[in-house]
Amino acid sequence: MILRMFGVLAGSFVVLFLLPLGLSALLYAMGSGPRDWQTADRSSAGLLPPAAQQPEAVVRVFAARTVRWRGIFASHCWIVVKPKGADAYTRYDYTAWGQPIRVNGFVADGRWFGRAPELVFAADGALAERAIPKIREAIAGYGFAAIGDYRAWPGPNSNTFVAAVMAAVPELDAKLPTTALGKDFPYDGRWVALTPSKTGLRFTAGGYGGVTLGWMEGLEINILGAVFGLEFRSPAINLPGLGRFGFARA
């Protein structure tokens with residue numbers, strides 16, 4: 001009985017984790033994406049209009065696959081805001097070099113070293129106006145803002161930063177992609193807590209593994225940062241490395 005159960009668990013791990021990661025690595029090896037970060041394209045991906053042409057307040061959360069081979073399994077997330085009437089966007093990233101919280105270090109909707117971003121969350125008008133002060137307050141109070149605080153794995157990294165801000169701002173009603181390695185790092189020190197959407201519970205073993213169950217997040221199983229997930233709100237499956245497959249998010 002025990003051996004059979006072990007066999008089922010081992011087989012599930014191979015099918016749900018190792019095979020998707022292997023396929024993602026194969027697609028990377030066969031692809032023609034950017035390999036040299038120094039010369040990679042960081043120009044606008046055309047996802048935002050010029051700020052002067054957008055009088056309303058704006059909030060965006062973007063995600064893009066990370067640089068070089070890390071993109072096999074991980075994404076980088078960032079936040080963009082523009083208050084009502086402002087003539088420029090403000091972009092917030094959390095990076096491994098310099099002061100971790102980087103303000104306007106890159107184009108607001110720029111490609112992440114050649115990788116085109118995807119939209120995670122969007123708000124305009126009154127909703128964005130309500131969210132922006134809370135976003136700035138959460139960023140100002142982020143607990144890992146000192147030089148040397150950044151850790152690529154298991155965190156705190158760029159995705160830990162964005163996850164913490166989103167959890168502090170109810171208006172940011174979305175979830176980060178399961179490829180956002182580091183989003184489950186316990187930035188608040190709690191291994192058991194409500195999910196960022198406050199619709200379920202998250203257990204994390206220091207970011208090295210864990211389980212999340214919530215209406216917004218669905219079921220997510222994290223093993224060493226690789227996440228297999230099932231979404232309920234907008235039915236979908238999330239595979240490690242390969243990302244999300246299913247209905248468009250509500």
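Under the 3.5 Å distance criterion, the side-chain polar atoms of T179 are left unmatched by any main-chain donor or acceptor of G243. A donor-acceptor distance shorter than 3.5 angstrom exists from the side chain of D109 to the backbone of L48, with no hydrogens or angles considered. With R91 contributing its side chain and V107 its backbone, the two residues share a donor-acceptor pair below 3.5 Å. With Q99 contributing its side chain and A145 its backbone, the two residues share a donor-acceptor pair below 3.5 Å. Side-chain atoms of S24 come within 3.5 Å of backbone atoms of I72 as a donor-acceptor pair (strictly under, hydrogens ignored). Between the side chain of N157 and the main chain of L181, a donor-acceptor pair closer than 3.5 Å is present. Under a 3.5 Å cut-off, the side chain of T66 and the backbone N or O of A74 do form a donor-acceptor pair. Remark: side-chain polar atoms of K175 are not paired, donor with acceptor, to backbone N or O of G218 under 3.5 angstrom. Without hydrogens or angle criteria, N159 side chain to S75 main chain gives a donor-acceptor distance under 3.5 Å. Judged by distance alone, with hydrogens and angles left aside, the side-chain atoms of R111 form no donor-acceptor pair with the main-chain N or O of P117 at under 3.5 Å.
Nearest approach of L176 to C77, heavy atoms of both residues: CD2-SG, 3.9 Å. Nearest heavy atoms, Y89 versus A108: CB-CB, 3.8 Å. In this structure, T199 and T195 approach most closely via the heavy-atom pair N-OG1, 3.3 Å. In plain terms, the two heavy atoms of P100 and A146 that are nearest each other are CG-O, 3.2 Å. Minimum interatomic distance between A128 and A123 (heavy atoms only, all atoms of both residues): CB-O, 3.6 Å. Nearest heavy atom pair, residue K82 against residue G85, reads NZ-N, 4.0 Å.
At least one side-chain heavy atom of T160 sits under 4.5 Å from a side-chain heavy atom of Y142. Inter-residue side-chain proximity for V59 and L127 is flagged as unmet; no heavy-atom pair is nearer than 4.5 Å. In this structure, L119 and L47 have side chains that are not in contact, with every pair of non-hydrogen atoms separated by 4.5 Å or more. Counting heavy atoms from C-beta on, the side chains of P177 and V120 come closer than 4.5 Å. A 4.5 Å side-chain heavy-atom check between R68 and F113 finds every atom pair outside the cut-off. Taking 4.5 Å as the limit, some side-chain heavy atom of P156 sits within range of a side-chain heavy atom of R151. For the pair L194 and L201, the minimum side-chain heavy-atom distance is below 4.5 Å. P20 has its side chain out of reach of F228: every pair of non-hydrogen atoms, C-beta onward, lies at least 4.5 Å apart.
Using cut-offs of 30° and 60° for the angle between ring planes, the H76 and W112 rings count as parallel. Note on ring orientation: taking the six-membered ring where Trp is involved, the planes of F161 and Y94 are parallel (angle under 30°, cut-offs 30° and 60°).
The line from NZ of K134 to CD of E171 is 3.5 Å long, rounded to the nearest 0.5 Å. Rounded to the nearest 0.5 Å, atoms OG1 (T204) and CZ (F185) are 8.5 Å apart. A distance of 16.0 Å separates OH of Y92 from CH2 of W78, quoted to the nearest 0.5 Å. Between atom CZ of residue R70 and atom CZ of residue R115 there is a gap of 11.5 Å, rounded to the nearest 0.5 Å. In this structure, CD1 in I101 is found 9.5 Å from CG in D149, a value given to the nearest 0.5 Å. A distance of 6.0 Å separates CG of D184 from CD of E220, quoted to the nearest 0.5 Å.
Side-chain N/O atoms of E217 and T212 include no donor and acceptor closer than 3.5 Å.
Cluster membership check: I79 shares its hydrophobic cluster with Y187, using side-chain heavy-atom separations under 4.5 Å among Ile, Leu, Val, Met, Phe, Trp and Tyr. Each of F73 and V227 belongs to its own hydrophobic cluster when Ile, Leu, Val, Met, Phe, Trp and Tyr are linked at side-chain heavy-atom distances under 4.5 angstrom. Neither M166 nor W215 shares a network with the other; the hydrophobic side chains, linked directly or stepwise wherever heavy atoms of I, L, V, M, F, W or Y lie under 4.5 Å apart, form separate groups for each. Under a hydrophobic clustering in which Ile, Leu, Val, Met, Phe, Trp and Tyr are joined whenever their side-chain heavy atoms come within less than 4.5 Å, directly or via other members, L242 and W69 fall into the same cluster. A continuous path of ILVMFWY side-chain contacts below 4.5 Å connects L27 to F17, so both sit in one hydrophobic cluster.
Note on D173 versus K198: no salt bridge recorded, every NZ/NE/NH1/NH2 to OD/OE distance being 4.0 Å or above. Using a cut-off of 4.0 Å between Lys/Arg side-chain N and Asp/Glu carboxylate O, E118 and R244 are scored as not salt-bridged.
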Query raised in the report: Can R60 and V58 be said to form a side chain to side chain contact (heavy atoms under 4.5 Å, CB included), step by step?
Result: CA-CA 7 Å; R60 297 287 188 272; V58 171; 3.6 Å; yes
Query - Test side chain to side chain contact (heavy atoms under 4.5 Å, CB included) applied to I135 and I139, step by step - result: CA-CA 6 Å; I135 290 171; I139 291 172; 3.8 Å; yes
Report task. Show the numbers, then the answer: is there a side chain to side chain contact (heavy atoms under 4.5 Å, CB included) between L219 and L213? Result -> CA-CA 5 Å; L219 170 65; L213 181 62; 4.1 Å; yes
Query raised in the report: What do the steps show when you test L224 against W153 for side chain to side chain contact (heavy atoms under 4.5 Å, CB included), and what is the final call?
Result: CA-CA 9 Å; L224 300 178; W153 180 80; 4.0 Å; yes
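Around the CZ atom of F13, the shell of radius 6.0 Å holds more than 12 heavy atoms that belong to other residues, nucleotides or ligands. With a 6.0 Å radius and a threshold of 12 heavy atoms from other residues, nucleotides or ligands, D188 has its CG atom above the threshold.
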